[in-house]
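Ligands are counted one by one from 1 in listed order, and the atoms in each one are counted from 1 as well.
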Amino acid sequence: MTSVAIVTGASSGIGAATARRLAAEGFHVLAAARRAERLTDLVAEITAAGGQATAVTCDITSDESVARLAEAAAQAPGPVTLLVNNAGGARGLDPVESGSVADWQWMYDVNVLGTLRVTQALLPALEASGSGTIVVVSSTAGLTVYEGGGGYTAAKHAQTAIAGTLRLELCGRPLRVIEIDPGMVKTDEFGLVRFEGDAERAAAVYAGVPGPLVAEDVADCIAWCATRPEHVNVDRLVVRPRAQAAQHKVHRVS
Ligand SMILES: NC(=O)c1ccc[n+]([C@@H]2O[C@H](COP(=O)([O-])OP(=O)(O)OC[C@H]3O[C@@H](n4cnc5c(N)ncnc54)[C@H](OP(=O)(O)O)[C@@H]3O)[C@@H](O)[C@H]2O)c1
């Protein structure tokens with residue numbers, strides 16, 4: 001029977017690339033996000049390439065919406081063996097001193113409580129499959145802090161804490177928890193969301209960086225971790241572009 005993988009935030013960037021990649025690996029992918037039209041296009045693309053996928057419109061900040069995602073998972077054509085908690089993002093790059101409480105709230109709601117809500121809703125199905133994998137797409141921002149990143153790093157640290165805690169709590173059950181921590185990934189929308197649609201500011205983040213990661217690189221890491229034999233738990237995979245040795249150490253050419 002085809003295994004089912006759920007990917008949140010599948011309407012763009014890392015989530016869309018992960019949905020494509022997991023479908024190519026043979027999963028039936030439930031592609032979840034708020035923008036239905038994008039999901040429909042993605043599912044059409046995956047299907048045309050010979051894969052299987054279903055679009056599920058879902059807002060991970062809503063209990064009702066996530067309950068509907070769990071219902072869709074229950075009706076999916078196979079055991080639910082993989083959940084990729086990818087939906088998330090950053091808003092703002094302001095110092096703590098002047099950061100927007102609303103931005104911080106949004107980042108906590110989506111990255112942290114979204115991951116919590118979706119994981120809680122899907123855990124029974126993942127366990128019932130006999131071998132479930134939970135992936136948490138956090139960030140190197142979940143491991144270190146940087147100036148202007150207070151709200152995002154706080155949220156990603158909390159998301160990282162969920163992954164670590166969950167792994168301890170689930171030990172002894174047929175479930176594994178994998179944390180993926182990407183550094184700089186050049187995706188179309190991450191910077192636009194962070195800078196309220198300011199394309200110039202978003203582009204400046206990657207300016208002169210030879211070879212930032214792209215969404216497919218992270219999808220490759222997720223797929224590799226998730227397709228290891230079931231007894232192998234890659235606790236944490238930190239992946240950065242070669243040009244980024246640390247959060248503060250980025251090589252740029254002019
Ligand atoms: N790009 C980077 O440099 C980078 C580095 C490290 C970690 N990450 C992490 O990787 C993940 C994906 O980032 P990305 O670069 O691919 O960004 P992105 O293209 O902006 O993708 C974010 C995804 O999250 C979804 N989303 C946002 N709010 C949602 C909600 N309330 N309910 C459901 N889905 C929601 C969006 O879809 P809808 O708007 O359609 O709902 C979108 O598909 C994020 O968790 C991000 O923090 C990114």
For this session: Could you list the atoms of ligand 1 found under 4.0 angstrom from a heavy atom of T61?
Result: 31 (N)

Seminar exercise, completed: If we number the atoms of ligand 1 from 1 as shown, the ones under 4.0 Å from a heavy atom of V137 are 10 (O), 45 (O)

Seminar exercise, completed: The closest protein heavy-atom partner of atom 16 (O) of ligand 1 is I14 N, 2.8 Å

Exercise. Would you call T8 a ligand 1 contact, heavy-atom distance under 4.0 Å?
Worked result: no

Problem set entry | Shortest protein contact, atom 42 (C) of ligand 1 (heavy atom only) | S12 OG, 3.3 Å

Problem set entry | Pairs touching residues 121-160 that satisfy ring pair (Phe, Tyr, Trp, His ring centres under 6.0 Å), sequence neighbours left out | Y152-F190

For this session: Considering heavy atoms of the protein only, find what lies nearest to atom 32 (N) of ligand 1 and give residue, atom and distance to 0.1 Å.
Result: I60 N, 2.9 Å

For this session: Counting heavy atoms only, name the option from G9, A141, A16 that's nearest to atom 23 (C) of ligand 1.
Result: G9

Exercise. Strictly by modelled atom types, are D94 and S100 linked by a side-chain donor-acceptor pair under 3.5 Å?
Worked result: no

Problem set entry | Salt-bridge present (R173, E127; N to O < 4.0 Å) | yes

Exercise. Does E147 have any side-chain hydrogen bond (donor to acceptor under 3.5 Å, both in side chains) partners at least two apart in sequence or in another chain, and if so, which?
Worked result: none

For this session: Would you confirm whether T119, through its side chain, and L116, through its main-chain N or O, come within 3.5 Å as a donor-acceptor pair?
Result: no

For this session: Please check if the side chain of K156 supplies one atom and the backbone of V137 the other of a donor-acceptor pair under 3.5 Å.
Result: yes

Seminar exercise, completed: So the atoms of ligand 1 within less than 4.0 Å of a heavy atom of P182 turn out to be 5 (C), 6 (C), 7 (C)

Exercise. Which residue holds the protein heavy atom closest to atom 15 (O) of ligand 1, what is that atom called, and what is the gap in Å?
Worked result: T187 OG1, 2.7 Å

Exercise. Side chains of H28 and T54: donor-acceptor distance under 3.5 Å anywhere?
Worked result: yes

Problem set entry | ligand 1 atoms in contact with G13 (distance to a heavy atom under 4.0 Å) | 16 (O), 19 (O)

Exercise. Thinking salt bridges, do R20 and E25 make one under a 4.0 Å N-O criterion?
Worked result: no

For this session: Decide whether the shortest distance between a heavy atom of Q159 and an atom of ligand 1 is less than 4.0 Å.
Result: no

Exercise. So D181 and V239, side-chain contact (heavy atoms from CB on, under 4.5 Å) or not? Walk me through it.
Worked result: CA-CA 6 Å; D181 294 323; V239 54; over 6 Å; no

For this session: Taking all non-hydrogen atoms of both residues into account, name the closest pair between V193 and W106 and its distance.
Result: CG1-CH2, 4.1 Å

Exercise. So, T115 versus Q159: side-chain donor-acceptor pair below 3.5 Å or not?
Worked result: yes

Exercise. For G9, does its backbone N or O pair with a side-chain atom of N86 as donor and acceptor, under 3.5 Å?
Worked result: yes

Seminar exercise, completed: The closest protein heavy-atom partner of atom 29 (C) of ligand 1 is R34 NE, 3.5 Å

Exercise. Mind checking whether A215 has a heavy atom under 4.0 Å from ligand 1?
Worked result: no

Seminar exercise, completed: The closest protein heavy-atom partner of atom 31 (N) of ligand 1 is D59 OD1, 2.9 Å

Exercise. Any idea which protein heavy atom is nearest atom 46 (C) of ligand 1, and the distance to it?
Worked result: Y152 OH, 3.6 Å

For this session: Number the atoms of ligand 1 from 1 as they appear, then name those within less than 4.0 Å of a heavy atom of E189, with their elements.
Result: 19 (O), 20 (O)

For this session: Report, in ascending order of atom number, the atoms of ligand 1 lying under 4.0 Å from any heavy atom of G89.
Result: 47 (O)

For this session: Using distance alone, with no hydrogens and no angle criterion, decide if T81 and S129 have a side-chain donor and acceptor under 3.5 Å apart.
Result: no

Exercise. For ligand 1, is S138 a contact, meaning one of its heavy atoms is under 4.0 Å away?
Worked result: yes

Problem set entry | Residues Q247 and T140: side-chain donor-acceptor under 3.5 angstrom | yes

For this session: Please work out whether any backbone atom (N, CA, C, O) or any side-chain heavy atom from C-beta onward of K156 is under 4.0 Å from ligand 1, and answer side chain, backbone, both or neither.
Result: side chain

Exercise. Considering S11, S65, A87, G15, which one's heavy-atom position lies nearest to atom 26 (N) of ligand 1?
Worked result: A87

Problem set entry | Side chain, backbone, both or neither: the part of A90 lying under 4.0 Å from ligand 1 by heavy atom | neither

Exercise. Identify the closest protein heavy atom to atom 5 (C) of ligand 1: which residue and atom is it, and at what distance?
Worked result: G183 O, 3.0 Å

Exercise. Going by the atom numbers of ligand 1, which of them fall below 4.0 Å from some non-hydrogen atom of S139?
Worked result: 6 (C), 7 (C)

Exercise. Looking only at heavy atoms of A32, does any of them come nearer than 4.0 Å to an atom of ligand 1?
Worked result: no

Problem set entry | Minimum non-hydrogen distance to atom 2 (C) of ligand 1, winning option of N85, V185, L192 | V185

Exercise. Out of curiosity, does V250 fall in the hydrophobic cluster containing V214 (side-chain heavy atoms, cut-off under 4.5 Å, transitive links)?
Worked result: no

Exercise. Considering only heavy atoms of R35, which atoms of ligand 1 have at least one such atom less than 4.0 Å away?
Worked result: 37 (O), 38 (P), 39 (O), 40 (O)

